[in-house]
Amino acid sequence: MARKLANIGRLSTKGSVLLLCDMQEKFRPNIFQFDNIVSNAARLLQASRILGIPPILTEQYPKGLGPTVPELGAGDLTAYAKTSFTMMIEQVEKELQTLGNPKQFILCGIEAHACIACTAYDLLEKGMEVHIVADAVSSRSQTDRLFALSRLKQSGAFLTTTEAVLLQLVQDAKHPNFKEIQKLMIHPSPDTGLLAFFSAL
């Protein structure tokens, strides 16, 4: 009888999608480490373009919370407006069908305990593989952020970092796009206050 292989969460460029959640102007003053979170998410978006991974962008009630911040570099993407906390709204579901129903999701944005968590739960319930990029998600409060990450880990999401995602996607220095991805890692990722989370584990 064949032994079922454990799902270790190995990322692949095939069948993956990058989800960019609600990085909007009105959140800027209140989100813990906002600039660094957006900077890391912007690197993930650049990498997705280099590696052919489709990105999907949402905005939470843009009429009240404003547009996506320009430094994310997502100006060419369709921003799906929503009022629900989950990103899995009808328009996003339709886009995923068009993409052939991918099974791996790389998730970044805000807020960790609200829209990131609800999106992850919806995907996990459907048996999808969810990779939360811990240094590219945040909340207004560091407490909410860290407990959300802990809770998401309990639910079966994989916690990772921006640089780890970039390296796992190329796998080999001989990868044809490695030099382009390497350029995105010239400067190490900023400390976004996650060490407190790991000292508590």
Side-chain angles (χ1 to χ4, degrees), residues 4-23 31 33 37-38 40-49 51-60 72 74 77 79-80 82 84-139 144-171 189 192 194 197-198 201:
K4 189 181 174 202
L5 292 174
N7 181 10
I8 60 167
R10 185 188 288 277
L11 277 168
S12 167
T13 53
K14 288 177 186 149
S16 287
V17 169
L18 174 65
L19 297 179
L20 302 156
C21 186
D22 307 351
M23 286 170 273
I31 296 293
Q33 293 277 346
I37 296 307
V38 172
N40 282 335
R43 283 199 289 166
L44 291 165
L45 177 54
Q46 285 176 272
S48 78
R49 290 178 163 142
L51 299 169
I53 296 168
I56 293 178
L57 175 74
T58 60
E59 292 176 344
Q60 182 74 13
L72 182 61
L77 299 181
Y80 294 109
K82 64 185 181 64
S84 64
F85 293 148
T86 181
M87 289 180 76
M88 293 300 108
I89 57 175
E90 188 180 343
Q91 302 99 304
V92 171
E93 297 273 18
K94 279 183 182 169
E95 182 161 347
L96 292 173
Q97 284 173 12
T98 304
L99 294 170
N101 296 309
K103 299 287 185 272
Q104 275 192 332
F105 292 83
I106 302 163
L107 182 51
C108 60
I110 55 179
E111 287 187 73
H113 64 297
C115 297
I116 295 292
C118 288
T119 302
Y121 297 148
D122 278 355
L123 290 167
L124 289 164
E125 268 188 338
K126 291 176 182 173
M128 303 298 155
E129 191 178 292
V130 180
H131 296 257
I132 311 279
V133 190
D135 60 353
V137 302
S138 194
S139 297
D144 280 328
R145 178 196 188 202
L146 296 183
F147 274 88
L149 290 173
S150 180
R151 176 72 178 77
L152 286 159
K153 186 182 173 191
Q154 289 172 335
S155 294
F158 294 106
L159 302 186
T160 188
T161 62
T162 302
E163 195 161 308
V165 168
L166 300 182
L167 290 169
Q168 282 173 39
L169 287 169
V170 291
Q171 299 270 333
S189 295
T192 65
L194 289 169
F197 172 60
F198 277 95
L201 283 181

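Because the structure is predicted, anything quoted here is derived from the model rather than measured. Note that these values count all heavy atoms, side chains included, but never hydrogens, waters or copies made by symmetry. Throughout, numbering of the chain's residues begins at 1 and tracks the sequence.
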Worked verdict on Met88 versus Leu19 for side-chain contact (heavy atoms from CB on, under 4.5 Å): CA-CA 10 Å; Met88 293 300 108; Leu19 297 179; 4.0 Å; yes
Leu44 vs Leu166, side-chain contact (heavy atoms from CB on, under 4.5 Å): CA-CA, chis, key distance, verdict: CA-CA 7 Å; Leu44 291 165; Leu166 300 182; 4.3 Å; yes
Chi angles and distances behind the side-chain contact (heavy atoms from CB on, under 4.5 Å) call for Ser189, Arg43: CA-CA 10 Å; Ser189 295; Arg43 283 199 289 166; 2.4 Å; yes
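With contacts defined as side-chain heavy-atom distances shorter than 4.5 Å, the pair Phe158/Gln104 does not qualify. Counting heavy atoms from C-beta on, the side chains of Glu95 and Tyr80 come closer than 4.5 Å. With contacts defined as side-chain heavy-atom distances shorter than 4.5 Å, the pair Val133/Ile106 qualifies. Here the side chains of Arg151 and Gln154 are in contact, with some heavy-atom distance below 4.5 Å. Within the 4.5 Å cutoff, the side chain of Thr86 has no heavy atoms near those of the Leu123 side chain. Using a 4.5 Å heavy-atom cutoff, the side chains of Ile110 and Cys115 are not in contact. Side-chain contact check for Gln60 versus Phe85: some heavy-atom pair is nearer than 4.5 Å. Looking at Leu77 and Pro55, their side chains come closer than 4.5 Å, going by heavy atoms from C-beta outward.
In this structure, CZ on Arg10 lies 11.5 Å from CG on Leu169, to the nearest 0.5 angstrom. Note: Leu18 CG to His131 NE2 = 12.0 Å, rounded to the nearest 0.5 Å. Going from atom CD of Glu125 over to atom OG of Ser155 covers 9.5 Å, rounded to the nearest 0.5 Å. Rounding to the nearest 0.5 Å gives a distance of 11.5 Å between CD of Gln91 and NZ of Lys82. Of the inter-residue distances, the one linking Cys108 atom SG with Ile132 atom CD1 reads 9.5 Å to the nearest 0.5 angstrom. In this structure, CE in Met23 is found 8.5 Å from CG in Leu45, a value given to the nearest 0.5 Å.
Without hydrogens or angle criteria, Gln168 side chain to Val165 main chain gives no donor-acceptor distance under 3.5 Å. Ser150 contributes no side-chain N or O that, together with a main-chain N or O of Leu146, makes up a donor-acceptor pair within less than 3.5 Å.
For Glu90, the CD atom counts as loosely surrounded, since its 6.0 Å shell holds 12 or fewer non-hydrogen atoms of other residues, nucleotides or ligands.
Heavy atoms only, all atoms of each residue included: Gly15 and Pro102 are closest at O-CB, 3.3 Å. The heavy-atom pair separating Asn101 from Lys103 by the smallest distance is O-NZ, 3.2 Å.
For the side chain to side chain contact (heavy atoms under 4.5 Å, CB included) test, residues two or more places apart in sequence or in another chain that qualify with Thr192 are Gln33, Asn36, Ile37, Asn40, Asp135, Arg145, Leu194.
The one candidate from Leu124, Ile56, Thr119, Leu96 that meets the side chain to side chain contact (heavy atoms under 4.5 Å, CB included) condition with Phe105 is Leu96.
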